[in-house]
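Read the numbers this way: they start at 1 and go in the same order the structure lists the ligands and their atoms. Quantities reported herein were computed from a predicted structural model and do not represent experimental measurements. Numbers here simply count residues along the sequence, with the first being 1.
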Amino acid sequence: MSEMFTGKDVTSVYQGEFVGREIIFLDSTTSTNDRALEIGQQRPEPGGIVVVADSQTSGRGRLGRVWISPPGVNLYFTILLNPPLPVQEASALSLAAPVAAASAIRDFAGLEATIKWPNDILLSGKKAGGILIEAKPREGGRSLFAVGMGINVNMRPGELPPEIAGLATSLMAEKGAALDRRGLLGALLASMEKTYKFLLQGNKRGLITEWIRLNSTLGRRVIVRDGKRTISGTAEGITGQGELSLRISSGEIETIRTGDVTILK
Ligand code: BTN
């Protein structure tokens, strides 16, 4: 078993009021989002449970991509959250999660992490982390959310397939030193507790302000691909649901729900 999970009480990583009520450590699993959603089906009160794995055999990213998840180097975890809010309000989780990740990396590692819309975590313009939020409807019009985070901590970018190696980085590659994964996990969970409280308090304005402070997309000329279409324009704003406001060539604003952004020079 990895050093991350041994020698210390596993519950000492972090325990908040809403996040980390219980932390389940696995050596290897298909995807921590799968395990978390399964637990969500089995337990009456799954909100706050965190599933962490040292490696994943079918780690997945957004838009059907694979998330490369080798053992011993990175963080792969999923936080189950059951906000007592209508889905429209709960969708601000797509702001709360990247804000939590970027600010925890800044505080813990002293690196200038930024958010690329919708929720990539960048260091020096390269991807160091990603977030996949999946939802399962529950009774009363509420949903259970599985917030999956993958952070490249101590991986060498050379370990990635050549087609993504040039676009990706890790905290270690940027810092020039390995980081303590356990400590970073604790910082990420504490940060998520903080931004989740903003959400519960209905403080969408606070989340948007923080997202704007940490983002590296707004004000840039971008191309957005969503699988069906490709649109270019200037990224002008973010909505409370995490949608991107894009000013297109006609001068009109398009509101984009999902997609992948390429930032133009
Ligand atoms: C992306 O950038 O496309 C999102 C990547 C999300 C990866 C994490 S790793 C933990 C959790 N389990 C998964 O299978 N995916 C997420």
Thr32: numbered ligand 1 atoms lying under 4.0 Å from its heavy atoms: 10 (C), 11 (C), 12 (N)
Atoms in ligand 1 with a heavy atom of Gly61 nearer than 4.0 Å: 1 (C), 3 (O), 4 (C), 5 (C)
Pair Ser28, Ser55: side-chain N/O donor-acceptor within cut-off below 3.5 Å: yes
Residue and atom name of the nearest protein heavy atom (relative to atom 12 (N) of ligand 1), distance in Å to one decimal: Gln56 OE1, 2.9 Å
Polar contact flag for Trp67 and ligand 1 (N/O pairs, less than 3.5 Å): no
Distance-only polar pair, side chains of Thr169 and Glu174, donor-acceptor under 3.5 Å: yes
Donor-acceptor side-chain pairing of Asp226 and Thr258 below 3.5 angstrom: no
Ser58, any N or O under 3.5 Å of ligand 1 N or O: no
Shortest protein contact, atom 3 (O) of ligand 1 (heavy atom only): Arg62 N, 2.6 Å
Min N/O separation Arg60 to ligand 1 under 3.5 Å: yes
Distance-only side-chain donor-acceptor flag, Arg182 / Ser12, under 3.5 Å: yes
Close approach of Arg65 to ligand 1, heavy atoms, under 4.0 angstrom: no
Contact (N/O only, under 3.5 Å) between Ser31 and ligand 1: yes
